[in-house]
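Worksheet: the structure to be examined is printed underneath.
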Amino acid sequence: MKKPLIFITNDDGVNALGFRTLVEAAGRIGRVIAIAPETTQSGKAHAITMYSPLYLRQVRKEGDVEVYACSGTPVDCVKMAFDHLLADNYPDISLSGINHGSNSAISVIYSGTMGAAIEASFYGRPAIGLSLADEHSNADFTAAAIVAEKIVRDVLGKVDELPLCLNVNVPAVPYEDIKGIRLCRQNRGHWKESFVCRQDPRGVDYFWLTGEFFNSEPNSEDTDEWALAHNYVSVVPIQTDLTNYGQLESLSGIIG
């Protein structure tokens, strides 16, 4: 039986532990082609490189696993894979992650991990963004790897019956403490940003962006934030149609 072809990328960079963990887990399922950014690209969302050249280099090739580094963004990595490296052989599934830190709630809008997963879904293949709710570079990805392998096998078995893009977040607890997997909706919370102002040695101001997440519906048990807070893996199907259909009729009496 032919092995499935799995494409992998991320936004934490080609040397990130979460990325290497996902490549290893996917390698137990099928043939892997991975392209990740040379450096950290967190928060790049759906950004692409248009006004500077892109560089692609092979990092390693061992058996059924090939890993490349790209000088661009996570979405650049996806485009490089589908439109160049794999132009005539699209993968059976695309994975992005495993991200260091959750991409639940509104974070899905800013996430380079999810930007890459969404981009991959445009090519008509299922795509999954995977994140662990632990931002540390040396986080324990053991449980996330087990969850990732299970979900990937499930999706590969039912490709024609599933949505094209899933946002999967894993709580930062040992696997035996995970209560299960919950299908959720995106939480409606938001980030409140602030800037820390400092001065460089020449006395010129510079700024660091910081922020705090505010959960506006902490008791809603059908959201990804609730699931993570209660040690469930959250799975949210993602769509890219941003049309507010509820306002079309009311706007018709104002515009046009």
Side-chain angles (χ1 to χ4, degrees), residues 8-13 15-26 36-37 40-45 74 94-118 127-155 165-193 209-238:
I8 302 178
T9 188
N10 78 338
D11 73 353
D12 290 313
N15 294 315
L17 177 58
F19 173 73
R20 289 186 278 118
T21 300
L22 185 56
V23 169
E24 181 179 350
T40 299
Q41 298 286 314
S42 295
K44 291 293 186 178
S94 295
L95 309 177
S96 184
I98 301 170
N99 191 67
H100 293 246
S102 75
N103 278 312
S104 56
I106 195 64
S107 294
V108 70
I109 298 295
Y110 306 106
S111 166
T113 297
M114 288 309 302
I118 291 169
I128 305 174
L130 296 141
S131 304
L132 173 67
D134 188 336
E135 298 180 359
H136 295 91
S137 60
N138 61 344
D140 184 353
F141 283 89
T142 304
I146 296 172
V147 169
E149 188 170 344
K150 170 179 169 39
I151 292 178
V152 169
R153 290 185 185 277
D154 288 345
V155 171
C165 188
L166 299 176
N167 181 16
V168 176
N169 285 277
V170 181
V173 296
Y175 183 73
E176 57 269 22
D177 292 335
I178 293 178
K179 295 179 180 178
I181 297 175
R182 289 175 69 99
L183 298 177
C184 309
R185 65 173 174 86
Q186 179 183 320
N187 180 276
R188 297 192 182 98
H190 66 280
W191 285 90
K192 174 64 176 176
E193 278 87 10
L209 174 65
T210 64
E212 182 179 356
F213 179 75
F214 287 87
N215 187 343
S216 58
E217 44 179 355
N219 298 318
S220 296
E221 298 183 9
D222 61 340
T223 74
D224 49 10
E225 281 291 319
W226 189 94
L228 287 173
H230 291 81
N231 291 347
Y232 288 93
V233 175
S234 68
V235 178
V236 179
I238 298 297

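Predicted, not measured: the structure shown is a model, and the values here were computed from it.
In this view, Asn10 satisfies the side chain to side chain donor-acceptor pair (under 3.5 Å) rule with no residue, not counting sequence neighbours. The salt bridge (charged side-chain N to carboxylate O under 4.0 Å, His left out) test applied to Arg185 returns Glu217, Asp222, not counting sequence neighbours. Residues passing the salt bridge (charged side-chain N to carboxylate O under 4.0 Å, His left out) test with Lys179, sequence neighbours excluded: none. Partners of Asp12 according to the side chain to side chain donor-acceptor pair (under 3.5 Å) rule, which considers only residues two or more places apart in sequence or in another chain, are Ser42. Shown here are the salt bridge (charged side-chain N to carboxylate O under 4.0 Å, His left out) partners of Glu135, two or more places apart in sequence or in another chain: there are none.
With rounding to the nearest 0.5 angstrom, the NE2 atom of His190 is 9.5 Å from the CD atom of Glu212. For the atom pair OG of Ser96 and CD1 of Ile118, the computed distance is 9.5 Å after rounding to the nearest 0.5 Å. The distance from atom NZ of Lys44 to atom OH of Tyr110, rounded to the nearest 0.5 Å, is 15.5 Å. The line from CD1 of Ile128 to CG of Leu166 is 5.5 Å long, rounded to the nearest 0.5 Å. If you take NE2 on His100 and CG on Leu17, they are separated by 5.5 Å, rounding to the nearest 0.5 Å. In this structure, CG on Leu132 lies 7.5 Å from CD1 on Ile98, to the nearest 0.5 angstrom.
Put simply, the residue from Leu228, Asn231, Ile178 that forms a side-chain contact (heavy atoms from CB on, under 4.5 Å) with Val170 is Ile178.
Counting heavy atoms from C-beta on, the side chains of Asn99 and Ser111 never come closer than 4.5 Å. Considering only heavy atoms from C-beta on, Val233 comes within 4.5 Å of Pro171 through its side chain. In this structure, the side chains of Asn103 and Val108 stay at 4.5 Å or more apart for every pair of heavy atoms.
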- Stepwise, does the side-chain contact (heavy atoms from CB on, under 4.5 Å) test hold for Cys184 with Thr223? CA-CA 5 Å; Cys184 309; Thr223 74; 5.6 Å; no

- Message: Show, in sequence, the C-alpha distance, side-chain angles and deciding distance for Cys165 and Met114, and conclude whether the side-chain contact (heavy atoms from CB on, under 4.5 Å) test is met.
- Response: CA-CA 9 Å; Cys165 188; Met114 288 309 302; 4.2 Å; yes

- Go through the steps for Val235 and Val168 under the test side-chain contact (heavy atoms from CB on, under 4.5 Å), then give the verdict. CA-CA 5 Å; Val235 178; Val168 176; 4.1 Å; yes

- Item | Candidate pair Ile181 and Ile151, rule side-chain contact (heavy atoms from CB on, under 4.5 Å), full reasoning | CA-CA 10 Å; Ile181 297 175; Ile151 292 178; 4.2 Å; yes

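Looking only at distances, a side-chain donor or acceptor of Asp224 sits under 3.5 Å from a matching main-chain atom of Ala105.
Between Ala36 and Gly13 the shortest heavy-atom distance is CB-C, 4.2 Å. When all heavy atoms are compared, the tightest approach of Ala116 to Thr9 is CB-CG2, 3.6 Å. In this structure, Asp11 and Gly112 approach most closely via the heavy-atom pair OD2-N, 3.3 Å.
Defined by atom type and a distance below 3.5 Å, a donor-acceptor pair is missing between the side-chain atoms of Trp226 and Ser234. Side-chain N/O atoms of Asn187 and Asn215 include a donor and acceptor closer than 3.5 Å.
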Distance-only donor-acceptor pairs under 3.5 Å for side chains of residues 136-148, two or more places apart:
residue, atom, partner, partner atom, Å
His136, ND1, Asp134, OD1, 2.7
Asp140, OD1, Thr142, N, 3.0
Asp140, OD1, Thr142, OG1, 2.6

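Between Arg20 and Glu24 there is no salt bridge, since no side-chain nitrogen of the basic residue lies less than 4.0 Å from a carboxylate oxygen of the acidic one.
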